[in-house]
Visitor: 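Take this structure, written in structure tokens, and hold onto it; I'll ask about it next.
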Amino acid sequence: MKCLAFLLACLAASACSHAAPPASEPLAQLRALERDAACSSDQQCRSVALGAKSCGGPEAYMAYSTAKASADKVQALAERYRKEREAANKASGLVSDCRYLMDPGALCRAGRCQLGNGAAALE
């Protein structure tokens with residue numbers, strides 16, 4: 001009960017010093033491209049690996065539209081984000097599940113690029 005009271009007081013007073021890590025600029029840009037993933041055919045849709053697990057491989061995949069963004073730009077942003085995550089993993093000593101994620105590909109559905117079935121998306 002004392003822990004709950006402390007937690008509520010901490011939240012109410014905003015006295016907690018434990019803040020969320022700052023948002024990643026490359027990830028924010030990638031998310032903006034994901035929101036603007038309009039398409040008219042499957043050929044305009046691609047998937048890109050995001051982040052890095054501590055034991056290797058991506059954390060997730062994201063669908064994007066080549067009608068709205070160049071593949072080179074998306075790949076460059078994804079690479080910057082991967083390097084950020086690798087550095088953060090190394091600095092924190094974070095351990096991941098080491099589960100390999102297959103690239104699900106991307107399809108045009110209802111005018112928007114979406115990951116294929118069974119896809120893992122970064123939240």
Side-chain angles (χ1 to χ4, degrees):
M1 190 66 162
K2 288 181 183 179
C3 291
L4 179 59
F6 173 75
L7 178 62
L8 291 174
C10 183
L11 292 173
S14 296
C16 294
S17 62
H18 180 69
S24 163
E25 179 187 337
L27 182 59
Q29 291 179 36
L30 286 163
R31 289 295 181 217
L33 294 172
E34 182 180 38
R35 285 189 299 275
D36 192 27
C39 60
S40 57
S41 71
D42 287 343
Q43 289 74 24
Q44 294 174 321
C45 298
R46 304 258 172 87
S47 59
V48 65
L50 295 180
K53 290 186 176 188
S54 58
C55 58
E59 294 173 277
Y61 286 87
M62 179 191 91
Y64 70 96
S65 172
T66 58
K68 297 290 184 172
S70 76
D72 289 341
K73 177 182 179 178
V74 173
Q75 290 295 335
L77 287 168
E79 180 65 13
R80 282 180 48 205
Y81 181 60
R82 183 187 63 78
K83 288 179 180 178
E84 280 183 8
R85 293 298 299 144
E86 284 177 344
N89 289 343
K90 187 175 183 179
S92 70
L94 186 67
V95 177
S96 69
D97 62 7
C98 298
R99 190 183 77 186
Y100 180 75
L101 299 178
M102 297 287 290
D103 185 341
L107 305 168
C108 185
R109 296 291 178 256
R112 188 168 188 283
C113 293
Q114 299 176 10
L115 291 176
N117 291 337
L122 189 63
E123 297 181 17

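Along the sequence shown, residues carry numbers from 1.
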Visitor: In Å, rounded to the nearest 0.5 Å, how long is the span from CG of Leu33 to NZ of Lys73?
Guide: 5.5 Å
Visitor: Nearest 0.5 Å, please: how far is CG in Asp97 from OG in Ser54?
Guide: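 Atom-to-atom, Ser54:OG and Asp97:CG are 8.5 Å apart.
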Visitor: With a 3.5 Å cut-off and sequence neighbours excluded, list the donor-acceptor pairs that the side chains of residues 62-69 form with protein atoms.
Guide:
unit_1: Ser65; atom_1: OG; unit_2: Ala38; atom_2: O; d: 2.6
unit_1: Ser65; atom_1: OG; unit_2: Ala67; atom_2: N; d: 3.1
unit_1: Thr66; atom_1: OG1; unit_2: Gln44; atom_2: O; d: 3.1

Visitor: Given side chains that start at C-beta, do those of Lys53 and Leu101 come closer than 4.5 Å, heavy atoms only?
Guide: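 Yes. Closest side-chain heavy atoms under 4.5 Å.
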Visitor: To the nearest 0.5 Å, what is the distance between CD on Gln114 and CD on Glu34?
Guide: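 Spacing of CD (Gln114) from CD (Glu34) equals 10.0 Å.
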Visitor: Quick one: CG on Asp36 to CZ on Arg112, what's the gap to the nearest 0.5 Å?
Guide: 9.0 Å
Visitor: Let me check something: any side-chain donor-acceptor pairs from residues 45-52 under 3.5 Å, sequence neighbours excluded? List them with distances.
Guide:
unit_1: Ser47; atom_1: OG; unit_2: Asp103; atom_2: OD1; d: 2.5
unit_1: Ser47; atom_1: OG; unit_2: Asp103; atom_2: OD2; d: 3.2

Visitor: Quick one: do Cys39 and Cys113 satisfy disulfide (SG to SG under 2.5 Å)? Show the steps, please.
Guide: CA-CA 6 Å; Cys39 60; Cys113 293; 3.9 Å; no
Visitor: Considering only NZ, NE, NH1 and NH2 on the basic side and carboxylate oxygens on the acidic side, decide whether Glu86 and Lys83 come within less than 4.0 Å.
Guide: no
Visitor: Please assess Glu25 against Gln29 for the test side chain to side chain donor-acceptor pair (under 3.5 Å), listing each intermediate value before the final yes or no.
Guide: CA-CA 6 Å; Glu25 179 187 337; Gln29 291 179 36; 2.9 Å; yes
Visitor: Any salt bridge between Arg109 and Asp42, counting N to O under 4.0 Å?
Guide: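 Asp42 and Arg109: salt-bridged.
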Visitor: Determine the minimum heavy-atom distance between Glu59 and Tyr81, stating which atoms define it.
Guide: OE1-OH, 4.0 Å
